Amino acid sequence: MADIIIPRHLAIIMDGNGRWAKSRGLPRVFGHKRGAEVVTDIVRYCSDIGVSYLTLYTFSMENWLRPKEEVGFLMDLLQKYLEKELDKMQENNIKLVFSGRLDLLPPKTKEITQSAASILGENTGMVLNIALSYGGRNELVDAAKMMAQMVAEGKIKPEDITQELMASCLYNADIPDVDLVIRTSGEKRISNFMLWRAAYSEFFFTECLWPDFDKAELDRAIADFSGRVRRFGMTDEQVGN
């Protein structure tokens with residue numbers, strides 16, 4: 001059996017809250033509430049086992065199209081989560097950052113996210129990156145605009161644009177590429193998530209709905225990841241297998 005390898009950067013597409021609630025004859029909001037409880041458990045567990053960066057796909061750009069009442073509930077749920085978990089994240093030395101078009105957030109949500117990120121910003125433990133109002137294509141567009149502005153200001157020439165420069169213009173540019181992407185609920189698509197950083201990620205798809213996701217299922221994903229050979233375009237001989 002392969003030795004267990006903890007991914008340096010783990011990213012999770014948390015899917016299935018609505019279906020979990022529907023299967024129990026409950027409103028969708030109950031699925032979101034249960035999903036938030038799972039986030040608490042998984043964040044702490046990832047910190048304990050040595051994950052360096054954890055990105056959670058929390059609210060996509062497409063999610064703004066959902067009913068106004070549901071969007072409002074999700075924003076309120078995020079605020080309550082941050083208020084409830086802030087002290088515990090501080091105790092566990094977790095650094096909190098947000099990735100996305102945060103200017104679109106309601107004023108109260110924006111205020112709380114900025115405050116939480118500021119309070120936890122100097123911590124040196126696991127980085128919790130909450131992808132909020134996030135879209136992978138939007139991230140690349142925003143990076144392209146940044147580089148275009150640099151060209152317009154004469155700071156660089158078009159031929160100076162490289163992969164390294166592009167990466168430096170992404171949201172929270174110091175966060176490395178994703179090693180493992182987990183998607184719950186049985187769906188097998190990336191859904192506009194981490195398009196640049198997931199270029200060479202390993203993927204793990206589970207039928208488990210997010211409200212049912214637990215440490216054991218995460219262990220199963222990591223064990224599967226540990227048994228894979230990451231070639232990055234090279235041959236087995238080049239990577240030593």
Side-chain angles (χ1 to χ4, degrees), residues 1-21 23 31-32 34-60 89 92 94-95 97 99 125-132 134-136 139 167 170 172 174-241:
M1 183 175 178
D3 293 333
I4 295 300
I5 300 172
I6 302 298
R8 183 186 183 203
H9 185 180
L10 169 65
I12 306 178
I13 302 173
M14 306 177 294
D15 196 14
N17 289 347
R19 274 166 282 173
W20 183 89
S23 69
H32 295 314
R34 173 56 190 156
E37 295 171 3
V38 174
V39 167
T40 297
D41 293 338
I42 295 302
V43 167
R44 292 179 191 169
Y45 187 57
C46 285
S47 177
D48 289 343
I49 64 176
V51 172
S52 297
Y53 301 86
L54 173 63
T55 295
L56 299 179
Y57 202 5
T58 304
F59 189 90
S60 72
M89 285 193 279
N92 288 284
I94 293 173
K95 179 177 180 177
V97 299
S99 294
M126 184 184 78
V127 175
L128 173 58
N129 177 32
I130 296 183
L132 181 64
Y134 174 87
E139 181 174 24
L170 299 176
N172 294 298
D174 55 337
I175 294 178
D177 287 348
V178 180
D179 297 299
L180 173 63
V181 177
I182 298 173
R183 179 164 189 155
T184 60
S185 86
E187 302 292 351
K188 295 179 175 63
R189 57 179 179 270
I190 195 169
S191 294
N192 198 21
F193 182 57
M194 292 276 137
L195 299 182
W196 182 276
R197 289 188 175 99
Y200 275 101
S201 300
E202 299 296 323
F203 284 79
F204 182 85
F205 299 103
T206 172
E207 297 292 328
C208 182
L209 300 174
W210 178 248
D212 291 325
F213 194 81
D214 57 14
K215 299 173 185 177
E217 191 66 9
L218 178 55
D219 285 343
R220 192 168 76 89
I222 291 176
D224 182 83
F225 168 78
S226 300
R228 301 188 190 183
V229 177
R230 304 187 73 194
R231 298 181 180 83
F232 300 98
M234 296 182 289
T235 65
D236 284 347
E237 289 75 17
Q238 287 175 302
V239 295
N241 292 282

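All of these numbers come straight from a predicted model, not from anything done at the bench.
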Of all heavy-atom pairs between Ala198 and Phe193, which one has the smallest distance, and what is that distance? CB-O, 4.5 Å
Within-4.5 Å side-chain heavy-atom neighbours: Ile222 and Pro7: yes
According to the salt bridge (Lys or Arg N to Asp or Glu O under 4.0 Å) rule, which pairs have a member within residues 5-15, sequence neighbours left out? Asp15-Arg19, Asp15-Arg183
Side-chain contact test, heavy atoms from C-beta onward, threshold under 4.5 Å: evaluate it for Leu209 versus Arg34 and give yes or no. no
Who are the side chain to side chain donor-acceptor pair (under 3.5 Å) partners of Thr58, not counting sequence neighbours? none
Residue list, side-chain contact (heavy atoms from CB on, under 4.5 Å) with Leu195, at least two apart or on another chain: Arg137, Leu140, Ile190, Asn192
For the student: nearest non-hydrogen atoms of Gly31 and Ala21, plus distance: N-CB, 3.7 Å
List the residues meeting salt bridge (Lys or Arg N to Asp or Glu O under 4.0 Å) with Glu207, not counting sequence neighbours, and say none if there are none. Lys188
Pairs of donor and acceptor atoms involving the side chains of residues 212-221, under 3.5 Å and at least two apart or interchain, shall be tabulated with distances.
residue	atom	partner	partner atom	Å
Asp212	OD1	Trp20	NE1	3.1
Asp214	OD1	Ala216	N	3.3
Asp214	OD1	Glu217	N	2.9
Glu217	OE1	Arg220	NE	3.3
Glu217	OE2	Thr206	OG1	2.6
Glu217	OE2	Arg220	NE	3.4
Glu217	OE2	Arg220	NH2	2.7
Asp219	OD1	Tyr45	OH	2.6
Asp219	OD2	Tyr45	OH	3.1

Which residues share a ring-ring contact (aromatic ring centres under 6.0 Å, His included) with Phe204, sequence neighbours left out: none
Which residues pass the side chain to side chain donor-acceptor pair (under 3.5 Å) test with His9, sequence neighbours left out? Thr55
First locate atom CG of Leu170, then atom CG of Asp177, and finally report the distance between them rounded to the nearest 0.5 Å. 9.0 Å
So CG of Leu132 and OH of Tyr57: to nearest 0.5 Å the spacing works out to 11.0 Å
Can you measure from CZ (Phe203) to CD1 (Ile182) and round to the nearest 0.5 angstrom? 11.5 Å
So which atom in Arg197 and which in Ile175 form the shortest heavy-atom distance, rounded to 0.1 Å? NE-O, 3.0 Å
I'd like to check the side chain to side chain donor-acceptor pair (under 3.5 Å) partners of Ser60; sequence neighbours left out, ordered by chain and number. Glu62, Asn63
Say you draw a straight line from OG of Ser47 to CD1 of Ile94; how long is it, rounded to the nearest 0.5 Å? 4.5 Å
With the side chain counted from C-beta on, respond yes when Met126 and Val43 share a heavy-atom pair under 4.5 Å apart, and no when they do not. yes
Ile6 CD1 to Asp179 CG distance, which is reported to the nearest 0.5 Å: 11.0 Å
Between the side chain of Tyr53 and the main-chain N/O of Val178, is any donor-acceptor distance below 3.5 Å? no
Would you say that Pro211 contacts Asn17 through its side chain, given a criterion of any heavy-atom pair below 4.5 Å between the two side chains? yes
Distance check, rounded to the nearest 0.5 Å: Lys95 atom NZ versus Asn172 atom CG? 8.0 Å
Looking at residues at least two apart in the chain, or sitting in another chain, which of them share a side chain to side chain donor-acceptor pair (under 3.5 Å) with Trp210? none
